[in-house]
Amino acid sequence: MNKVTFKIDLCKGCGLCVNACPKKIVLLDDKQINAKGYHPACVLEMEKCIGCAMCATMCPDLVIIVEKGDK
Amino acid sequence: MVVFKKPHALTETPFHYCPGCTHGIIHRLVAEALEALGLEGSTIGVAPVGCSVFAYNYFNCDMIQAPHGRAPAVATGVKRADPTKTVFTYQGDGDLAAIGTAETIHVGARAENITIIFVNNAIYGMTGGQMAPTTLIGQVTTTTPYGRKNDVQGSPIRVCEMLSTLDGVAYAERVSVDSVKNVLSAKKAIKKAFEIQSKGLGLTIVEVLSTCPTNWGLSPVKSLDWVREAMMPYYPLGVYKDVTKEGEQK
């Protein structure tokens, strides 16, 4: 399975990854507040991830690591 | 298999930029280009004055911080002292097009083999949103509260077009980081600029249209839309000069 890992404490909650995701599975987690005081980005439905890395390409703060699983 | 992670050419220091500021993307693109060309260990960068003044904390290569606008002059000295090194400056629009206009033009006139990464966001960021030379007509800033007027403040400077008229400029391209597609083409442009520098053909400049959500008063996502809708019509993307292609056209 494809996997997206967020370094939560680097996230500034700008939402550029939310806007970039073609599957619309990246969202800002309003139940969580990180060390910087923002709602960090997260993915709840990881099985829908296609591993395109568009979220990571648009992330200005290098929060996201994208791993593509074997088919 | 990891398809995306932080490049080695960036340090572990978190960026100090405002949320949604595209400086972070441009830093990463420069680092990725250096890494792809294997130049990390032999590169010297010159940081400007402005929001990106702390660039020396973020790049994993040797860095110098220059006085305001003087990054191309400092880079000239570095390159002439050791021509084997790859030298780049990373400058904003206030640094490059206002305070450092003379340095920018003459570094092109002298055909120095350096690369300028020019981040154009049409406003002064660090000082609090004043008008920059690249501020668009009608754009509201703290020093143009009724919008920039052509008959009072003059018209915005198109740096790539201006520099491409100089014989010493080898490569001038304007790119943007408003979408995934444009980020990827920006990365190609920066890589190409470093390749041309290593051939010693002259000055290379990549102008990157960037955002300033804080001082524009827009959300990060709306700022990207503003780059597309307001900036791109005045600052068209494209290659303005490429000496490596000139032979092919003739």
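Quick caveat, the model's predicted, so the values are computed rather than measured. Sequence lines set the chain letters: A, B, ... in the order given, protein chains first and strands last, and positions in each chain run from 1.
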Closest non-hydrogen atom pair, B:P19 against A:K12: CB-O, 3.5 Å

Compare every heavy atom of A:M58 with every heavy atom of B:V177, then report the nearest pair and how far apart it is. O-CE, 3.5 Å

With only heavy atoms counted, which part of B:L184 is less than 4.5 Å from chain A, the side chain, the backbone, both or neither? side chain

Of A:L62, A:V4, A:N19, the largest count of non-hydrogen pairs under 4.5 angstrom with chain B goes to A:L62

B:G20 and A:L16 have their tightest heavy-atom pair at O-CD1, 4.0 Å

With a 4.5 angstrom heavy-atom cut-off, could you sort out which part of A:L10 is near chain B: side chain, backbone, both or neither? side chain

May I ask you to test the A:P60-B:T22 pair for a side-chain heavy-atom distance under 4.5 Å? no

If I measure from the heavy atoms of chain A, does B:S179 come under 4.5 Å with its side chain, its backbone, both, or neither? backbone

Is chain A contacted by the side chain of B:L10, its backbone, both, or neither, given a heavy-atom distance below 4.5 Å? side chain

Could you look at B:V183 and say if it's the side chain, the backbone, both or neither that has a heavy atom under 4.5 Å from chain A? side chain

So for atom NZ, which belongs to B:K6, do other residues, nucleotides or ligands contribute more than 12 heavy atoms lying within a distance under 6.0 Å? yes

Can you give me the closest heavy-atom contact between A:D61 and B:F15, atom names plus distance? OD1-CB, 3.7 Å

Looking only at heavy atoms, what is the nearest atom pair of A:T57 and B:R28, with distance? O-NH2, 2.8 Å

Exercise: identify the closest heavy-atom pair between B:V180 and A:A20: CG2-CB, 4.4 Å

When you look at NE2 of B:H16, are more than 12 heavy atoms from neighbouring residues, nucleotides or ligands closer to it than 6.0 Å? yes

With a cut-off of 6.0 Å (strictly less than), are more than 12 heavy atoms of other residues, nucleotides or ligands near NZ of B:K222? no

Rounded to the nearest 0.5 Å, the CZ atom of B:F4 sits from the SG atom of A:C59 at a distance of 7.5 Å

